[in-house]
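Have a look at the structure below, then the notes.
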Amino acid sequence: MQNLLHNLNQEQLQAVTLPAQSALILAGAGSGKTRVLTTRIAWLIQTGQISSGGVLAVTFTNKAAKEMLVRLSAMLPVNTRGMWIGTFHGLCNRLLRAHHRDAGLPQTFQIMDSADQMAFIKRLLKANQIDDEKFPPKTLMYFINSAKEQGLRPREVDAYDEFNRKLVQIYEMYEQQCQREGVVDFAELLLRTYEMLVHNQPLREHYQARFRHILVDEFQDTNDLQYRWLKLLAGVGTRTPAAVFAVGDDDQSIYAFRGANVGNMTAFEQEFAVENLIKLEQNYRSHGHILDSANILIANNSKRLGKNLRTDAGQGEQVRVMEASSDIQEANWILDEVRSLVREGSPYNEIAVLYRSNAQSRVIEHALFSANMPYRVYGGLRFFERAEIKHAIAYLQLMDNPHNDAAFLRVVNFPARGIGARSLEQLQDAARQHQLSLYAAVPYVAGKAGATMGQFVRLIESTRFETQSMPLPEMVDMVLDRSQLKQHYQTEKEGADRVENLEQLVNAAVLFVTEEGFGKDAPAFAGPRAENITVISSGDVQIVDAEAALPAVMSPLAAFLSHASLEAGDNQAQAGQDALQLMTVHSAKGLEFNNVFITGLEEGLFPHENSAQEEAGLEEERRLMYVAITRARRRLYLSFSQTRMLHGQTRYNLRSRFLDELPEESLKWLSPQTKPGWFSPPRKAAWDDNPASGVNQIASQMRKQGGQDNGWRPGQNVSHPKFGEGVIVQLEGSGSQARAHINFGKFGMKLLDLSVAKLEKI
DNA sequence: GGAAATATATTTTTT
DNA sequence: ATATATTTCC
C-alpha cells in the first residue's frame, strides 16, 4: 500500500483515495492523469473494497486501454486479462457477444468500420435507385450516426420536411439491411448495448450490481450516447448507484466536431451527485515559460471549469517565435533548428513538428527528405486498412458469416474470376426478390453467371470445411492460399509489399491468440469455452455472466475479426529508428516531447477558417493550441509564414491571433518583429541559404501575379474602417471592376470592390 | 479487366 | 497542387 501511494502529491493522493462515490477529477495536461486512474484501481482492489472483476474502466483508444493494463499489472499481482478494461466499443462488443440473443443479434455479427459503413450506404442507395446527388452518402452517414448518438431509431426521429422524411426512410432501410447481413456499425455497438440493458431488467441489474466502480478516462470526449450508457450502467437513480470516477480536462476538449460534448462534465457533476471535484494542477512536464503561455492563452476562453497549471521546474527557456516569408522558408528554418538541437545532443524522436492540417506536412517533408533527415509522419494508412488486408479479412468474414454482402462483393471477383457487373446485377435482383443475402441468392441465378458464382460459393464452403478444426493462424494462412490472394499479389509486379503484409497478417493472428489467451490450438471456429461461462440464476431468469476475457465470449475467429475492425493498428509509419516526429496537433494529444515546433500559426489555418466564424469553434481551436503548447517539456518553437501554398494557390495570411494572446515576456522573437501581415523590407537572413526560397521567390511570384497595379497587389497590408487590418490575398477584374479578396483575420475573408471600399495601405 | 481521362474536394479522427 | 473517386474508352 505504501508503495502504491507514496509517490503521489497531495491532490493525486486525495483523488486516489476518495470514498466510493462519484467524483470528477479535472486533470490538467501533464498532471499524472493515467497514474491517478490506475493507482485508484489498484488501491480499490488492494484495500479490498472491490474485486478485480467488479471494476469497469473505459477509455477512448485501445492505446490508452493497453497502457492502463500494463501499468496496472505492474502494480498488482492480478490477471489483468480478465478485467473489464477497454474502449467503449470493445466493452460493448464483449457484452453483445455474450448476450447476442438478448440484443437480437446473430452470434456471428460483424463490425463495420467507417469505410465499410460508407461503402454500405453507397451500395444501399444504388440498390434502391436513390439519387446520390440529392442524398449524398456523406450526409446520410452523418445523419444516421448522429441519430444513433442521440439514441434515436428511425421511428423516433422527428422529420419535419420532405427531405428529412426521406433521410429517415433511408435510415430505416439501412437498419434492415444491417440486420439482414448481420453487421453493426460503431455507433450501433453502443446503442444496441444501451437498449439491451434498458429493456432487459435482470441483465441490467446484474451488471449494475457487478460494476460498483466505474472509471472513465478522457471524460471530456464522451458523446451523448456514451454519457447515457454510463448513466445506465452506473444505475443513476437507483438506490445503489455505482461510484463513477471521471477523469478529464475541459481545456483539452478538441473533438466536438465528432460529437464529443464537454457539457457532459457539468451534467455529470449534477446528475451523478458529485461531491468531490478535484483539480490536478501540478504539472510534471513543462517548464515555466511554456506553462505560462498555455495558461494565459486558455484564459481567453469563456466556458471553462477553471484550472491553472503550475510547475516546480523553473521558468526554463523562453518560447521561440519565428516569422518566415514563405512556407518553404519555414520548413528550411525548422531543418536548421533541428540540426542544431541534434548537435546539442537531442535525439530526433524528442523533437516533434506539429501542424493544424495534414496538407501542411508536404513542404516540411520535402525539406527533410532533401536533407536526408530521418522523420516519421503519423496518420497514414493503418495495417488493417490496407487493401490487401481488407481483402483477406473479407474472406475470413465470409467464413464466419457468409451473409455479409459487403465482404461478398469485395472479394467475389478478386482475384478476378470472370464475375462482372452483369452477373452481379442478376445476383442482386435475385437477392432482392427473395429477400436473401447475395451469398444465399447465388442458387437463384441461372446460366453461366450462376455457375461461376456457384464456384465461388463452393470455394468458401470447402475452405470452411477444410479449416474447421484448425487454429486461427493456420486457418488464416490456408485462406490466403485457397482464395488465391497471395498468388495474385505474387504475380503482380509491385505486389511484394502486399505479399509481405499478408504474411504479417498470419503473424498478427499468432500474436493475437497468444495475447488474448486463446489456447494455442483452439480451433478458430470454436465458440466460447464452456468453462468460462458462469450461469447465474436471478429469480426465474438465468443470466449468462460475461467474463471479460475474450475466449469466454467469442471464437478466436470472431475475436480476430472484431480486433481488425476495432483496432486498425498503428497509424504511424516506419517505427523503430530514431526519427523526427511529424503529426497534426490532434494526433499529438496525449504525447510529450522535449522539443516541439508548432508551425503555420496563421489566421485561416490555425485557427482554421472554418472554425473562426463561431465563438464555439474558435474556442475549440484555442484549446487545440493549448494542447499543442502543453506537449513541450523544455523548448517550444512557434512559427508562421507570410505566404503559403494552399490548394495550388499562394495565400497571404495574417499571423494567428493566438500568438498575440501569449505573454510577451515568455516569448523570444527570432525574426525581427513586423506589423502583423506581409511585407517587411527585404532582409538577408542567416537561415535563408536557399536562394530560390524566401523573399526572392515572393518577389518573382509578385512579378507573375502583379498585373495592373494601382498600388494594389497581393500581400499588401491594408486597413479598413470596419474590418481593421487585413492582407490582400487575390486581385480580380480591372479598372472600376477591380475587386480584392482580403483576409481580415477575425472578420474572415472579404471580397471588396476596390473603387468603393475605403481601404488604406499600411 | 484495366488503363486513361475527367471530375471533385481539400480541418481535425477514433472506434 | 494533389489525391481520390468516378466515368469512359480500348
Side-chain angles (χ1 to χ4, degrees), chain A residues 58-65 86-93 111-119 122 126 132-133 136-138 145 148-149 184-191 193 217-218 221-223 225-226 229 253-260 327 354-363 365-366 378-382 384-385 387 413-423 488 492 562-571 583-590 600 604-613 617-618 620-621 623-625 627-628 644-651:
Chain A
V58 204
T59 64
F60 275 83
T61 64
N62 294 294
K63 198 174 150 201
T87 62
F88 279 102
H89 297 83
L91 296 169
C92 286
N93 184 36
I111 303 165
M112 292 192 279
D113 65 23
S114 313
D116 298 336
Q117 191 188 12
M118 181 59 98
K122 285 181 181 168
K126 200 163 269 173
D132 61 357
E133 306 248 289
K138 256 180 137 172
N145 289 340
K148 290 189 182 187
E149 273 165 27
V184 298
D185 58 46
F186 286 138
E188 186 71 25
L189 285 171
L190 268 295
L191 184 53
T193 311
D217 190 18
E218 305 279 16
D221 288 338
T222 50
N223 65 30
L225 181 54
Q226 286 159 339
W229 187 93
S253 158
I254 55 173
Y255 286 114
F257 73 90
R258 64 174 198 214
D327 47 357
L354 310 185
Y355 34 81
R356 173 68 240 267
S357 62
N358 286 302
Q360 289 167 252
S361 76
R362 289 196 138 284
V363 181
E365 281 188 74
H366 180 79
Y378 284 66
L381 254 199
R382 299 145 95 201
F384 284 103
E385 289 169 356
N413 197 35
F414 193 94
R417 303 184 172 83
I419 300 170
R422 296 162 310 284
S423 310
H488 171 84
E492 209 172 56
S562 301
H563 170 79
S565 304
L566 293 177
E567 306 189 40
D570 245 342
N571 73 341
M583 66 192 84
T584 63
V585 180
H586 280 94
S587 16
K589 191 174 167 215
L605 252 193
F606 198 178
H608 196 274
E609 51 200 346
N610 299 359
S611 312
Q613 302 315 116
L618 185 65
E620 178 146 320
E621 294 286 307
R623 292 193 292 270
L624 198 51
M625 181 67 184
V627 168
R644 181 177 299 279
M645 278 299 251
L646 199 66
H647 309 327
Q649 281 193 316
T650 307
R651 299 239 320 206

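We name chains A, B, ... by the order of the sequence lines, and we start the count at 1 in each one.
- Taking all atoms of both residues into account, the shortest heavy-atom contact from Cys92(A) to Trp229(A) is SG-NE1, 3.3 Å.
- Spacing of P atoms, dT13(B) relative to dT4(C), comes out at 15 Å, to the nearest Å.
- Note: CD (Gln360(A)) to P (dT2(C)) measures 16 Å, nearest angstrom.
- Straight-line distance from the CD atom of Gln226(A) to the P atom of dT14(B): 15 Å, rounded to whole Å.
- An OP1 or OP2 oxygen of dT14(B) is reached within less than 4.0 angstrom by no side-chain nitrogen or oxygen of Asn62(A).
- Counting any heavy atom pair closer than 4.0 Å across all strands shown, Asp113(A) reaches no nucleic acid atom.
- For Arg258(A), the side-chain atoms get nearest to dT14(B) when compared with the rest of dT15(B), dT6(C), dT14(B).
- Here the separation of dA5(C) from dT12(B), taken at their P atoms, is 15 Å to the nearest Å.
- Here dT13(B) presents its P atom at 19 Å from CD of Gln117(A), a figure rounded to the nearest Å.
- Between Glu365(A) atom CD and dT2(C) atom C1' there is a gap of 13 Å when expressed in whole angstrom units.
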> Checking side chain to side chain contact (heavy atoms under 4.5 Å, CB included) for the pair Phe186(A)/Gln117(A): CA distance, chi angles, key distance, verdict?
Replying inline: CA-CA 9 Å; Phe186(A) 286 138; Gln117(A) 191 188 12; over 6 Å; no
> After noting the C-alpha distance and the side-chain angles of Leu189(A) and Ile111(A), does the key distance pass the side chain to side chain contact (heavy atoms under 4.5 Å, CB included) rule?
Replying inline: CA-CA 8 Å; Leu189(A) 285 171; Ile111(A) 303 165; 4.2 Å; yes
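- In this structure, CH2 of Trp229(A) is placed 16 Å from P of dT15(B), rounded to the nearest angstrom.
- Atom CG in Leu225(A) sits about 17 Å away from atom P in dT15(B), given to the nearest Å.
- Residue Met645(A) contributes atom CE, which lies 11 Å from atom C1' of dT2(C) at whole-angstrom precision.
- Salt-bridge formation is not detected for the pair Arg382(A)/Asp113(A): no Lys NZ or Arg NE/NH1/NH2 atom is positioned less than 4.0 Å from an Asp or Glu carboxylate oxygen.
- If you check every strand for non-hydrogen atoms under 4.0 Å, Gly420(A) touches nothing.
- The 5' end of DNA chain B is approached more closely, in terms of each residue's nearest nucleotide, by Arg417(A) than by the other of Arg417(A) and Ser114(A).
- Residues satisfying the salt bridge (Lys or Arg N to Asp or Glu O under 4.0 Å) criterion with Arg651(A), sequence neighbours excluded, are Glu609(A).
- Among residues two or more places apart in sequence or in another chain, the salt bridge (Lys or Arg N to Asp or Glu O under 4.0 Å) test is passed with Glu620(A) by Arg623(A).
- By the side-chain contact (heavy atoms from CB on, under 4.5 Å) test, Lys122(A) is found to be paired with Met118(A), Pro137(A), residues two or more places apart in sequence or in another chain being considered.
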> In dot-bracket notation, what is the pairing pattern of DNA chain B, taking Watson-Crick (N1-N3 plus N6-O4 or O6-N4) and G-U wobble (N1-O2 and O6-N3) contacts under 3.5 Å, with [ ] crossing and | for other strands?
Replying inline: ||||||||||.....
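- Take the nearest nucleotide of DNA chain B for Phe186(A) and for His488(A): the residue whose nucleotide is more 5' is His488(A).
- Within 4.0 Å of Lys589(A), counting heavy atoms only, lies no atom of the nucleic acid at all.
- Inter-residue side-chain proximity for Lys589(A) and Glu218(A) is flagged as met; some heavy-atom pair is nearer than 4.5 Å.
- For the pair Asp185(A) CG and dT14(B) P, the computed distance is 18 Å after rounding to whole Å.
- Asn145(A) places no side-chain N or O within donor-acceptor distance of the main-chain N or O of Ala187(A), the cut-off being under 3.5 Å.
- Evaluation of the ring pair (Phe, Tyr, Trp, His ring centres under 6.0 Å) rule for His586(A) yields Tyr255(A), Phe257(A) as partners, not counting sequence neighbours.
- At the heavy-atom level, Asn413(A) lies under 4.0 Å from the strands shown only through sugar-phosphate atoms.
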Output a table of nitrogen or oxygen pairs between the protein and nucleotides 8-12 of chain B separated by less than 3.5 Å.
unit_1	atom_1	unit_2	atom_2	d
dT11(B)	O4'	His608(A)	NE2	3.3
dT11(B)	O2	Arg356(A)	NH1	2.6
dT11(B)	O2	Arg356(A)	NH2	2.4
dT12(B)	OP1	Asn358(A)	N	2.7
dT12(B)	OP1	Asn358(A)	ND2	2.8
dT12(B)	O4'	Arg356(A)	NH2	3.0
dT12(B)	O2	Arg356(A)	NH2	2.6

